[in-house]
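Counting starts at 1 for both ligands and their atoms, following the listed order. Both backbone and side-chain heavy atoms feed into the values below; hydrogens, waters and symmetry mates do not. Because the structure is a prediction, the values reported are computed rather than measured. Residue numbers count from 1 along this sequence.
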Amino acid sequence: MAKERSAISKKDQWNVESLFPNLKTWQMAFDKAQRPSKPRWPELSYFKGLISEDPETLKTVLDLSFAVDRLLSALYTYAHLRHDEDITHDEHKIAYNRISALIHDFQEETAWIEPELLALSQKKLDTFLASPILKEYRFHLQKIIRVKKHMLTPDKEELLAQSAKALQVGHKAFSAINDADFKFGEVLDGKRKKHELTHAQYGLYLRDQDRTLRENAFKAYHGKYMEYENTLSELLSGQVQSHLFNAKARKYSSCLEAALFVKNIDTEVYHALIKAVHEKIDVLHKYINLRKRVMGLDQLHLYDMYVPLIKEADIRLSYEEAESIIIESTAPLGKEYQNLLKQGLKNDRWVDRYENKNKRSGAYSSGSYDTMPYILMNYKEQIKDVFTLAHEAGHSMHSLHTYKHQPYQYGNYPIFLAEVASTFNEELLMQLLLKKAKTDDERIYLINQKIEDIRGTLFRQTMFAEFELFIHEMAEKDIPLTPKLLKDKYRQLNEMYFGRNVIIDEEAVIEWARIPHFYYNFYVFQYATGISAALALADRVVKGGAKEREEYLAFLKGGSSEYPIEMLKKAGVDMRSPNPVKAAIQKFSDLVDQLDVLLQSKGKTEKAKGASPKGKIKAKG
Ligand SMILES: [Zn+2]
């Protein structure tokens, strides 16, 4: 049984009291941050309609609005951290709801600023951008103004805004049917025992050694989506049509361009990713052949893809050991980085370490501009927990560098960059653990984990990205997204990605119907570019010298002060070229070769000892 929150010792808790000593002081600050009735920030609404006057006025508006935003962020951080410590704690839940509502009010009361800016003539905007008074906001303003050429007249903008809710129906209906209405029933395992099938259980069953359970779960799960293939293809089509509507209305050349333009990411980045993966797809086939051989199967199905090739190595690390090894692993980033991390983990109490009753599950890194970074963990001494802590600490160190070196308006980082620092630190940890590994079993476990990581984040997400591009291109050509068209494309992609050695079952080609990310509007490719950039940067820093290190640290300090692609380029990777992705695939290829050698020598020693090979999984059914 998990402990009560009150039984957790202070050193294992994050230092939320450094933000506000208690809920009472938080409440006082909350009350002071606003007027009791709307408008809550009259000092801001006073300027409505006046932005065009002169640069000073605009600066005042931006100063005021960022100051309120900053205060609200700190209030929010306190309430959400306290809430997550024990989600049944009433007072904290109320505080959390109050600050969430207040932030909503703030967004509403400042919603006029951007449209008013965008309504200014280009000439006026150019004078503002050139004004030294607005120097510290120049890039912030440029980011907003960039979309001006795709803005419509005010009456058309209003019409578009009014269509927003109607255009969300496809996504909402998909969530409703997928999360609430669908019931998957029960499935049998190899011993004819029944198991309930749910979204959460599905992932676990696919990792189970019992092949009958895997197969039954796979078929029952996808069978449900097959039953509804007409409805599900219409819902997806509806979502794609909404993207197309917006793209056309705003005169973008394609849905892809419309989605990436706002972030200033060239469509070339998207195409370069797909191209690089195509060129190197035989590397994935090599791994799949190895998997097939190790599993000792005549035929490999998609439900054989997730089962671990070797049982988890018995490496247990106490929390303190994990902390120390993570700090040690960041040596390539220099002494100063290490000391900051050490200070945060060991002295400043960034981390809420262990599980307690009613604590939020999982892990994350949080915090805001005026707070320290905070990390929620549910640490359980397994090797995967150590990686989770390294990952979250990577995010936290990115935030810390950004907070320290950027003004508030640039003190965050965009989604495209969000997973770079975390994945980078995981890679450093992996390298150190491999160096320290004492047995081949440990090495096999670690390498296989990294391989699966790259397979899931780079190859699988690129396959998704490719499918996403296809459905949008079909819509642009006015070709209806029928179940047959979608399934044919999905089969073709599966055949290309997995190669000849995998049987693509009828159930496999309906997988698109269950992926929520296809409703997100060109989101998933960022997982693939993120891991590629992170691996390329880690490689560069580990093999490089002071220059490479400094360039990476500059990236951590940059926040959102430049466009993400520019920022990565300065750190040393150009995502417009296919090279970082190719390098990541080369790394994957090397890891597969290493795994192959280790598994073969393991097989030989076990044969010599007369034992049956442990890594081999007997096919059932
Ligand atoms: Zn992350």
With E452, which residues qualify under salt bridge (Lys or Arg N to Asp or Glu O under 4.0 Å), at least two apart?
->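 Salt bridge (Lys or Arg N to Asp or Glu O under 4.0 Å) check on E452 returns R291, R455.
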Scan for salt bridge (Lys or Arg N to Asp or Glu O under 4.0 Å) pairs involving residues 513-524, sequence neighbours excluded, and state none if there are none.
->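 Found E511-R514.
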Whether W26 and Y78 hold their rings parallel, tilted or perpendicular, with breakpoints at 30° and 60° |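 It falls in the parallel class, under 30°.
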Taking the six-membered ring of Y337, is the NZ or CZ of R549 close enough (under 6.0 Å from the centre) and on axis enough (within 45°)?
->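 Relative to the ring axis of Y337, which defines the angle, R549 lies outside at least one limit.
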Go through Y497 and F459 one step at a time and tell me if the ring-ring contact (aromatic ring centres under 6.0 Å, His included) criterion holds.
-> CA-CA 8 Å; Y497 276 75; F459 288 105; 7.3 Å; no
According to the ring-ring contact (aromatic ring centres under 6.0 Å, His included) rule, which pairs have a member within residues 531-560, sequence neighbours left out?
->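 Sorted result for residues 531-560: H398-F555, F424-Y552, Y552-F555.
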Do any protein N, O or S atoms sit under 2.8 Å from the Zn ion (ligand 1), and which ones are they?
->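 For the Zn ion (ligand 1), the protein N, O and S atoms that sit under 2.8 Å away are H391 NE2, H395 NE2, E419 OE1, E419 OE2.
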